[in-house]
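See below for the structure under consideration.
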Amino acid sequence: MLVALVAQDTTGLSPKAQAMLNRFPPPGAVGGVSIAAKFSTDTAWVGEQVELVTAAWFPRELRDRLRRPPTLRAPSLSGLWSVQSQTLPTLVDTRRVRGEVYDLFVVHQTLFPLGPGRIVSPPALLSYSVPTSASYFAPEERKALESRNAQLEVRSPPSALMGPLAGGPTARRFQLVWRGPSQGLKAGTPALVELVAEGEGNVTLWPSPAIVWPDGVRVYPERTEERTVIVAGSRGGEKRFRFTVVADSVGVVTLPAVRYPTFDPVAVTVRVVTAPAFALPVFPSTGRTGERRPLPVTGRLDIPVVTRVMRHPWTGWLLAGVPLVLLLGAIRKRRRRPVPVVRVAGEPELELRRLLGTPLDAGPERVVAALRGRGVPRGDAEQVRRWLTATGRRRYGPAGGDAPEAPAAVGAVITRLRQRGALLLLVCCLAHPLAAQQDGVARYRGGDYAGAARFFTDVTVAEPHAAGAWRDLGSALWQSGDDVGAVTAWWHALSLAPRDPLTRRAWKSASALPASFQRMAPTVPLNRDELLVVGLVSGLLAWRLFATRHRRSGRLLALVAVLAMGTAVGRWRRETTPAAVVREATALRVSPHPAAPALAQANPWTIVTVERRDGDWLLVAVRDGARGWLPLAVVAPLAPLD
């Protein structure tokens with residue numbers, strides 16, 4: 001298999017590709033066109049860099065006659081991992097052969113074989129259209145020319161080296177070193193350390209090293225970072241394996257020596273590169289976050305039921321149809337006639353078949369086990385079995401006749417199965433946010449508050465109505481020292497679940513909270529969607545009471561509806577108006593640039609209104625009239641900023 005890499009050298013071909021140009025001679029016939037694709041070598045080791053060059057000689061006189069430039073398509077090589085290949089050919093040479101000028105167009109690819117065996121490159125294609133005459137309206141003759149297949153033999157490292165190599169990558173000039181914070185660690189405080197690998201080869205395919213961590217330190221793997229460079233045509237770069245570590249006690253933490261075997265394709269040998277042990281001093285924690293008592297985190301999403309229903313895409317259409325349904329009901333009330341009720345005996349059985357599936361198709365004798373497995377009590381399951389048995393005996397027996405009427409237990413069982421199916425669907429929809437939430441809880445309880453905040457932030461982005469995720473995010477930010485971010489997260493949680501006791505307790509524990517912020521907590525113990533439901537229900541009841549001449553009660557409910565709707569609109573405006581809270585003292589600047597002149601100063605805990613966003617900068621307005629640009633990193637959003 002092959003992995004194709006784009007040649008990033010925009011100044012021309014790499015030295016390795018330039019050295020191959022002599023292997024593409026001009027056409028032998030005058031006015032001829034030629035195309036060829038060749039590997040830089042006939043044999044290569046697994047993981048070794050190989051060049052694939054596609055070259056086409058084209059007569060200048062023929063190219064000037066074309067109405068559109070010719071198309072050169074390089075061989076398409078697919079593998080386990082790939083990057084978009086170079087698509088536009090490059091003019092690299094011009095020669096005069098037998099009195100005619102030829103141009104050489106080249107498409108260059110860098111390849112890394114990922115497995116042993118013979119690799120046959122598909123043919124390259126050169127296509128162009130030649131006008132049949134000098135007239136502009138003359139038709140064109142379509143022509144295409146294919147190259148021969150190029151072949152490459154890929155070999156595995158010698159069997160004698162497979163044991164010492166132990167699955168290591170193919171690389172040259174490889175180095176490995178530890179990097180940590182220069183100021184050392186603090187007990188109980190997360191810190192980031194890196195194991196940096198540098199050399200020549202396919203950086204992306206370098207595997208993670210095996211590390212035996214010492215006792216007394218908790219380790220959380222982070223996302224790796226890569227940087228690719230090209231030196232003299234050889235690809236390489238560095239890869240940073242990043243870890244968050246938390247030391248349990250004061251002293252010295254020694255990061256272990258790491259052995260990393262690599263295969264050198266030039267020397268055909270295994271080189272074991274070792275990162276020496278790295279000692280980090282651990283000092284006592286003096287930060288205020290270490291003195292705080294960790295707040296409880298639950299790991300639950302806690303999405304309010306009313307919010308889930310009201311913000312469903314179909315809810316708006318249903319609410320819009322309520323007045324029409326009421327109008328049709330009033331019309332039908334005048335024309336209502338008694339309609340006989342027809343009971344279909346087979347409907348409960350069909351519904352059971354849909355909810356249970358194959359156990360019911362196999363016969364009533366398996367229904368009890370199927371229902372018991374879904375949490376149905378044994379008494380109800382036995383009643384369903386007896387009813388199904390009687391139904392089958394009446395329907396298919398010699399006497400025939402109608403099936404017996406379903407007992408009340410059948411309806412209860414169907415309702416229970418429907419609720420269970422909806423719950424399973426809900427769990428499937430929330431599987432990814434729940435997994436990230438649990439990862440954040442594990443980080444939080446392990447002392448990595450910053451890492452927990454990153455996981456909780458991902459959950460709030462995926463499920464912005466999860467009050468529990470916002471509450472846990474506020475607790476993690478509070479423990480990591482971001483007071484402003486914690487309070488804004490708790491404000492989001494209170495907006496969604498104003499009656500949640502854990503969030504209320506966390507809000508009161510924020511001793512640094514200014515008085516202006518304390519007044520932002522919702523006083524009415526209902527969220528926006530619950531207020532909207534109260535307003536709708538009160539309005540419908542008021543309309544009904546007015547219709548039945550109970551005017552005093554109707555006026556009271558109408559007043560409740562107006563107050564609930566007005567409060568809901570006010571909450572909606574506050575929760576949707578782009579606004580943020582300033583985390584630290586920052587200058588408001590004339591333009592979105594750190595070197596731009598400052599206009600005014602924005603103090604911590606200042607609420608600003610966001611007017612526009614430009615990348616990582618925000619154009620904000622302060623209540624005192626000041627206006628300017630702020631970096632996005634120094635504010636905590638109170639509402640979506642886009």
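As the structure is a computational prediction, the values presented were derived from the model and not from experiment.
Nearest heavy-atom pair across Tyr449 and Pro190 is N-CG, 3.9 Å. Smallest separation of non-hydrogen atoms from Asn603 and Val582: O-CB, 3.5 Å. For the residue pair Ala568 and Leu532, the shortest heavy atom distance occurs at CB-N, 4.2 Å. Closest approach of Asp614 and Trp629 over heavy atoms only: CB-CZ3, 3.7 Å. Residues Ala600 and Ala626 share a closest heavy-atom pair of CB-CB, 4.1 Å. Nearest approach of Gly628 to Leu599, heavy atoms of both residues: CA-CD1, 4.4 Å.
Here Phe112 contributes atom CZ and Thr204 contributes atom OG1; the two are 9.5 Å apart, rounded to the nearest 0.5 Å. Rounding to the nearest 0.5 angstrom, the gap separating the CG atom in Asp302 from the OG1 atom in Thr503 is 8.0 Å. With rounding to the nearest 0.5 Å, the separation of CZ in Arg571 from CG in Asp529 is 10.5 Å. In this structure, the separation between CH2 on Trp478 and CG on Asp483 is 4.5 Å, given to the nearest 0.5 Å. Atom-to-atom distance recorded for Arg528:CZ and Ser495:OG is 9.5 Å, nearest 0.5 angstrom. With rounding to the nearest 0.5 Å, the separation of CG in Asn527 from CG in Leu494 is 11.0 Å.
Taking the side chain as every heavy atom from C-beta outward, Val581 and Val635 never approach each other to under 4.5 Å. Side-chain contact check for Arg627 versus Leu588: every heavy-atom pair is 4.5 Å or farther apart. With contacts defined as side-chain heavy-atom distances shorter than 4.5 Å, the pair Leu638/Ile607 qualifies. Residues Leu295 and Trp490 meet the side-chain proximity criterion, which asks for heavy atoms closer than 4.5 Å. In this structure, Leu185 and Pro281 have side chains that are not in contact, with every pair of non-hydrogen atoms separated by 4.5 Å or more. In this structure the side chain of Trp617 reaches within 4.5 angstrom of the side chain of Pro594, judged on heavy atoms. Residues Glu194 and Trp178 have side chains not in contact (no heavy-atom distance under 4.5 Å, counting atoms from C-beta outward). By the 4.5 Å heavy-atom criterion applied to side chains, Leu632 and Arg613 are counted as neighbours.
Without hydrogens or angle criteria, Arg589 side chain to Ala596 main chain gives a donor-acceptor distance under 3.5 Å. Proximity of a side-chain donor or acceptor of Ser480 to a complementary backbone N or O of Leu477 within less than 3.5 Å is detected.
Here Tyr220 and Phe243 keep their ring centres 6.0 angstrom or further from each other. Two rings, from Trp491 and Trp470, have their centers 6.0 Å or more apart.
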Worked check of side-chain contact (heavy atoms from CB on, under 4.5 Å) between Arg242 and Val196: CA-CA 8 Å; Arg242 307 168 74 238; Val196 183; over 6 Å; no
Residue pair Tyr444, Phe455: steps toward the side-chain contact (heavy atoms from CB on, under 4.5 Å) verdict: CA-CA 10 Å; Tyr444 185 89; Phe455 278 100; over 6 Å; no
side-chain contact (heavy atoms from CB on, under 4.5 Å) between Thr457 and Leu473, worked out: CA-CA 7 Å; Thr457 302; Leu473 173 61; 3.4 Å; yes
Arg235 and Glu226: CA distance, side-chain angles, deciding distance, salt bridge (Lys or Arg N to Asp or Glu O under 4.0 Å) verdict: CA-CA 13 Å; Arg235 283 187 164 266; Glu226 301 174 5; over 6 Å; no
Test side-chain contact (heavy atoms from CB on, under 4.5 Å) applied to Val622 and Thr606, step by step: CA-CA 8 Å; Val622 189; Thr606 301; 3.7 Å; yes
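Salt-bridge formation is not detected for the pair Glu198/Arg179: no Lys NZ or Arg NE/NH1/NH2 atom is positioned less than 4.0 Å from an Asp or Glu carboxylate oxygen. Here Glu225 does not pair with Lys239 in a salt bridge; the nearest charged N to carboxylate O distance is not below 4.0 Å.
For Phe278, there are no ring pair (Phe, Tyr, Trp, His ring centres under 6.0 Å) partners, not counting sequence neighbours.
Residues in residues 488-501 take part in these salt bridge (charged side-chain N to carboxylate O under 4.0 Å, His left out) pairs, two or more places apart or across chains: Arg471-Asp500, Arg499-Glu530. Residue pairs satisfying the side chain to side chain donor-acceptor pair (under 3.5 Å) criterion with at least one member in residues 208-219, sequence neighbours excluded, are listed as follows: Arg218-Asp248.
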